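Just so we're on the same page: letters track the sequence lines, and every chain starts at 1. Since the model is a prediction, treat every value here as computed from it, not as a measurement.
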Amino acid sequence: MNKLFKSKVITNEEIRESIYLISLEIPINIESKPGQFCILRVNQRFDPLLGRPFSIFDHEKDEIKFLYRLKGKGTNVLSKLKKGDSITFAGPFGRWYPFPKEDFIVVAGGIGLASVYYLIKRFPHRAYLFYGVRSEREILFYEELKKLSKQVYISTEKETNYTYKGVVTELFKEKGMALPLPIYACGPMIMLKELKKIVDESRLCYVATEERMACGVGACLGCVIRTKDGFKRVCTDGPVFDLRELVL
Amino acid sequence: MNKLFKSKVITNEEIRESIYLISLEIPINIESKPGQFCILRVNQRFDPLLGRPFSIFDHEKDEIKFLYRLKGKGTNVLSKLKKGDSITFAGPFGRWYPFPKEDFIVVAGGIGLASVYYLIKRFPHRAYLFYGVRSEREILFYEELKKLSKQVYISTEKETNYTYKGVVTELFKEKGMALPLPIYACGPMIMLKELKKIVDESRLCYVATEERMACGVGACLGCVIRTKDGFKRVCTDGPVFDLRELVL
Amino acid sequence: MMPSLEVKIGSLSFKNPVLTASGTFGYGLEYSQFVDLNLLGGIVIKGLSLKSKQGNPPPRIYETPCGMINSIGLQNIGFEAFKKEKLPFLKRFNTNIIVNFFGENLDEYIEIATLLDETEGVHALEMNVSCPNKDTKWRRMGLEPELLREAVRKVRLQIKKPLIVKLSPQVTDIAFMAKICEEEGADAVSLINTIPAMVIDIKTRKSMLGTTTGGLSGPAIRPIALRAVWEVVQSVKIPVIGVGGIFNAEDALQFFIVGAKAIQVGTANFINPTVTVEIIEGIKQFLIDERIEDINEIIGSFKE
Amino acid sequence: MMPSLEVKIGSLSFKNPVLTASGTFGYGLEYSQFVDLNLLGGIVIKGLSLKSKQGNPPPRIYETPCGMINSIGLQNIGFEAFKKEKLPFLKRFNTNIIVNFFGENLDEYIEIATLLDETEGVHALEMNVSCPNKDTKWRRMGLEPELLREAVRKVRLQIKKPLIVKLSPQVTDIAFMAKICEEEGADAVSLINTIPAMVIDIKTRKSMLGTTTGGLSGPAIRPIALRAVWEVVQSVKIPVIGVGGIFNAEDALQFFIVGAKAIQVGTANFINPTVTVEIIEGIKQFLIDERIEDINEIIGSFKE
Ligand SMILES: Cc1cc2nc3c(=O)[nH]c(=O)nc-3n(C[C@H](O)[C@H](O)[C@H](O)COP(=O)(O)OP(=O)(O)OC[C@H]3O[C@@H](n4cnc5c(N)ncnc54)[C@H](O)[C@@H]3O)c2cc1C
Ligand SMILES: Cc1cc2nc3c(=O)[nH]c(=O)nc-3n(C[C@H](O)[C@H](O)[C@H](O)COP(=O)(O)OP(=O)(O)OC[C@H]3O[C@@H](n4cnc5c(N)ncnc54)[C@H](O)[C@@H]3O)c2cc1C
Ligand SMILES: Cc1cc2nc3c(=O)[nH]c(=O)nc-3n(C[C@H](O)[C@H](O)[C@H](O)COP(=O)(O)O)c2cc1C
Ligand SMILES: Cc1cc2nc3c(=O)[nH]c(=O)nc-3n(C[C@H](O)[C@H](O)[C@H](O)COP(=O)(O)O)c2cc1C
Ligand code: FES
Ligand code: FES
């Protein structure tokens with residue numbers, strides 16, 4: 001099965017300050033699953049050298065989308081690409097979120113939304129979404145998320161008329177913990193650590209992790225993180241892990 | 001005097017197959033002379049690392065133009081720049097063509113035209129232009145050149161209804177050598193070598209040379225060529241030299 | 001007529017001189033989804049030790065200008081697991097399997113070399129004499145001539161299969177180190193391994209890696225590797241395998257021209273998983289364009 | 001309140017720790033059209049010898065991934081011309097003038113060092129012990145500990161001004177070389193010089209330079225230089241000056257954090273002629289943001 005694509009940029013827009021949505025042509029029909037990622041080669045030269053991993057934000061037939069935040073040189077070069085520019089990328093890679101067999105809970109922190117949007121969108125079962133951002137301005141795809149989810153709870157640093165004050169894990173603890181449903185989460189390390197604290201060992205909780213990557217296919221052993229049974233590769237043993245496995 | 005510019009691309013067009021004309025904003029009023037060059041930093045990353053030297057093709061007030069041929073990675077990256085993209089460049093650098101005090105002869109080979117167009121255009125005295133290209137398709141700015149010059153002779157590999165067959169030095173020898181006027185030349189090394197053979201030591205002949213450059217300001221000693229009195233720097237002792245000085 | 005890409009190293013012949021570099025191609029399997037392994041001249045396996053190794057704490061990699069540094073720390077599954085879980089798959093392919101190996105001390109080197117020598121399906125051994133991330137007397141085996149001499153001699157005595165010694169660039173005179181390997185009976189030397197390097201985070205004042213230093217690889221080091229190969233080629237008669245920043249056919253050809261008998265592609269696999277086959281094709285095309293019938297004709301054709 | 005950038009090397013104090021690297025800033029004049037030389041911590045002059053030198057045949061430079069190789073061959077105008085034609089201009093500026101020097105043999109080293117020591121307007125001497133493009137016994141002075149020891153000792157005996165020894169990276173143990181310099185009375189060491197490297201043209205089968213090999217510089221080598229500085233800092237007490245691929249304030253700060261007392265900016269000047277002042281500004285800003293009042297507080301603040 002083909003996993004390497006010479007593609008073209010369909011659109012690449014700054015949808016919020018320093019948040020971009022890039023959409024790429026995907027010539028042949030491939031299968032992708034929520035939680036998987038692709039590695040984008042942001043230019044054809046050697047600086048930046050390595051590809052950059054991004055979660056599949058959305059994928060329909062011949063179009064695949066990635067939602068990214070400007071961070072350093074790679075995302076900076078990526079953000080300069082314009083419609084029609086060529087770009088190569090590889091994937092989809094990695095372990096996906098186990099398919100929900102019932103309604104489910106999603107906890108997303110900031111750009112972590114990029115990893116769970118596709119999950120929320122794709123299944124008949126519906127999500128109780130707990131979504132944390134710093135300020136109202138940073139809320140992405142609010143309308144779509146409301147449509148797709150059973151319920152959307154949003155936390156921001158300051159309370160607003162439709163968001164709660166505080167961090168998303170607090171909000172989830174308050175409004176979601178009681179729901180007897182599986183949990184899917186993606187967000188910054190502090191959020192995962194917090195989840196680890198508050199989520200009972202007996203519950204199913206799947207989290208998407210991040211680590212620097214070179215190969216993306218399990219060959220370089222560069223992307224390992226600590227787990228109960230030693231180092232595991234985010235790119236192939238993850239990025240989605242059972243929270244209980246992880247040593248954070 | 002300021003010699004370093006953070007500029008923007010006004011236009012960057014492929015005017016012939018793999019020949020581009022790029023026009024850049026030049027914020028402040030600077031002086032430039034025919035035969036001088038600028039060093040363009042083709043991107044903001046480190047690959048390619050070095051700036052690329054290009055002759056000033058034309059310069060009017062707040063706009064400066066460079067005519068370049070696709071060669072390797074630098075010109076390739078440069079050719080991808082679009083209107084509005086930012087680019088930094090430094091210059092003008094180097095020894096210019098001594099101002100003609102009477103009508104003059106110009107011998108240009110291929111992209112060497114880039115260095116002499118500004119010379120032909122800028123002075124009241126007019127040029128007898130001998131311009132060599134491989135095929136008719138490669139003739140650039142024919143109309144403008146005809147207007148600007150006293151006479152235009154063009155050589156191509158195959159004879160056509162308005163070009164001569166052969167190399168430009170041949171053509172010059174035949175039609176131009178007799179004219180008792182100073183000679184200005186820019187073109188590939190073989191052309192300069194040929195000129196060296198046929199032009200009498202007693203005649204004034206100024207030629208623009210090329211060598212790889214790093215600093216462009218005489219500091220690195222990287223761009224030297226052989227002359228009668230040892231190595232000289234193309235960037236500061238040249239690029240225009242008296243043909244008699246050069247050891248080709 | 002198709003030019004011949006076949007080269008010989010010791011008793012072993014390679015259908016083409018393009019191998020993968022140890023640690024950058026996993027156990028082969030990982031890249032079989034991109035590359036038909038049958039097309040490769042050979043696969044050099046990730047550094048293998050007697051017992052499995054955990055490797056260094058993360059983060060283990062960081063990008064640098066036109067390169068990357070890594071501190072994997074030679075994590076590997078150990079000899080037994082390799083033999084049971086990886087080798088059977090590799091045997092299905094028609095290519096040379098070269099196992100890169102190391103130990104914590106010389107005895108371990110000898111022990112695993114002996115085992116690999118007896119293991120069917122392993123065509124040659126590559127001895128990694130630079131374990132940048134471990135610290136023992138024998139860690140310096142790649143740096144001190146007399147330690148290298150003793151190590152190569154003792155390993156050589158134990159094995160029949162072709163022995164390639166992989167040299168560290170971090171020495172004053174790499175040609176002399178290669179000479180020692182030749183004198184002690186190595187069939188070939190491969191170079192260069194990564195160059196010790198460091199990047200730190202100015203905010204935290206800590207290394208960007210879980211360890212203080214790592215090994216630099218990628219296009220950044222290619223001109224250094226090429227010079228090292230050139231120095232070595234002039235001092236030894238045994239085949240030299242060039243490694244370091246090879247990203248395309250032109251890069252590879254530079255190594256052949258200075259005298260490398262084969263090359264290994266490392267970091268480039270990460271950036272372009274099909275790069276090895278593209279390099280093989282590119283070399284073929286170059287030979288055709290230059291009307292050269294046998295790759296061996298360009299090996300060592302450098303004009304000083 | 002403005003943080004202090006002042007550092008001391010031997011008896012010499014620098015208004016800031018940002019110097020230019022030898023051979024990349026000419027004789028200062030060339031860059032005075034871009035940079036107010038008064039703003040620089042110091043200017044290190046292109047390698048100077050007793051008599052003027054022609055240098056190597058062109059081409060002398062070639063671009064490599066995130067770097068460049070050069071084979072200038074230490075072309076310079078010679079001591080007398082420097083003193084007459086260049087120094088008077090340099091004296092007009094309020095910055096430290098450090099002259100990088102070399103010779104064909106030890107006697108020449110001693111001779112020019114003595115002259116420079118007597119020359120008013122020269123604040124310190126940087127001894128270049130690696131002349132990659134010459135070949136004599138003394139060419140190896142940067143590579144062989146005992147030659148280095150003898151050379152530094154004899155030069156030291158002749159001069160009163162601060163002596164900085166510029167080390168070659170092409171050694172097995174650069175910390176040991178630095179230690180030797182310290183033992184023989186050097187006031188500081190600077191590192192790294194360029195790394196021997198090579199690029200060839202696959203069409204002509206010749207070097208891309210007029211010589212077979214050249215010296216690699218630029219961002220490509222920065223992680224190697226940083227590691228070398230780190231190793232040296234741990235083994236000597238004299239100040240260490242970091243050089244190699246420094247292109248911005250963040251790069252420079254990495255060197256200070258591992259323990260460099262000052263840094264030199266080389267190849268970066270070619271790509272951005274105002275880079276030195278931008279680095280000085282960037283360092284200031286970083287200190288302000290981090291509420292650090294004196295650059296010396298971050299020097300050696302690396303957390304292992
Ligand atoms: C499986 C996975 C999925 C991801 N999905 C997304 C996504 O959908 N949207 C998004 O905005 N970001 C995502 N990230 C993070 C994204 O890869 C980094 O933000 C990006 O690589 C930063 O590159 P840079 O050059 O701009 O930053 P720099 O800081 O300049 O990058 C320097 C090096 O560090 C690596 N790096 C930096 N931050 C990270 C990080 N958080 N994770 C992994 N490597 C990093 C870079 O790849 C590069 O090799 C994901 C990361 C992983 C591992
Ligand atoms: C004073 C001067 C004026 C020039 N004017 C023009 C002009 O007006 N139009 C034009 O098309 N070209 C001109 N050139 C040549 C132009 O600089 C090169 O074509 C360009 O640098 C090639 O870069 P590249 O990365 O595309 O090619 P590559 O071959 O990839 O470049 C590799 C390295 O070699 C250098 N290099 C390659 N060819 C040349 C060359 N002929 N001269 C100098 N350095 C070279 C590059 O700068 C780079 O450092 C001029 C050169 C000089 C020295
Ligand atoms: C992630 C990684 C892991 C490596 N592991 C090994 C190893 O286990 N044994 C070894 O001898 N070399 C190892 N190397 C070095 C490579 O085989 C190669 O010598 C080096 O990377 C230079 O080649 P390159 O620039 O093409 O990558 C490793 C390199 C990388 C980048
Ligand atoms: C063109 C050029 C000329 C150089 N000349 C000298 C020299 O004369 N003496 C010396 O000690 N180092 C010389 N160097 C080495 C630099 O001073 C510096 O050590 C090296 O380039 C690494 O720093 P960088 O990566 O910032 O350039 C030269 C470097 C370059 C690129
Ligand atoms: S990125 Fe190479 S193993 Fe995960
Ligand atoms: S390019 Fe540096 S001296 Fe001419």
Working to the nearest 0.5 angstrom, can you tell me the gap between Ile221(C) CD1 and Thr64(D) OG1?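 Ile221(C) CD1 to Thr64(D) OG1: 12.0 Å, rounded to 0.5 Å.
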Out of curiosity, Glu231(D) CD to Thr212(C) OG1, how far, rounded to the nearest 0.5 Å?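 If I round to the nearest 0.5 Å, the distance is 11.0 Å.
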Just give me the residue among Ile224(C), Ile200(C), Leu226(C) that pairs up with chain D most often, heavy atom to heavy atom, under 4.5 Å.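 It is Ile200(C).
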Run through Glu304(C), Glu297(C), Glu290(C) and flag the one making a salt bridge (charged side-chain N to carboxylate O under 4.0 Å, His left out) with Arg205(D).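 That would be Glu290(C).
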Testing Leu216(C), Val199(C), Ile195(C) one by one against Arg227(D) for a side-chain contact (heavy atoms from CB on, under 4.5 Å), which residue passes?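 For Arg227(D), the side-chain contact (heavy atoms from CB on, under 4.5 Å) check succeeds only for Ile195(C).
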Give a yes or no on this: more than 12 heavy atoms of other residues, nucleotides or ligands lie within 6.0 Å of atom CD of Glu293(D).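 No, because the 6.0 Å sphere around CD of Glu293(D) holds 12 heavy atoms or fewer from other groups.
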May I ask you to check whether over 12 heavy atoms, not counting those of Lys206(C), lie within 6.0 Å of atom NZ?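 No, NZ of Lys206(C) has 12 or fewer neighbouring heavy atoms, counting only those of other groups under 6.0 Å.
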Per-residue contact mode, Ser301(D) against chain C (heavy atom under 4.5 angstrom):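 Both backbone and side chain.
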Using non-hydrogen atoms only, which part of Ser168(D) is less than 4.5 Å away from chain C: side chain, backbone, both, or neither?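 Nothing of Ser168(D), per the 4.5 Å heavy-atom cut-off to chain C.
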Which atom names give the shortest non-hydrogen contact between [X] and [Y], and what distance separates them?
{"X": "Pro65(D)", "Y": "Cys66(C)", "answer": "C-SG, 3.6 Å"}
{"X": "Val171(D)", "Y": "Gln170(C)", "answer": "O-NE2, 3.3 Å"}
{"X": "Phe286(C)", "Y": "Ile202(D)", "answer": "CZ-O, 3.6 Å"}

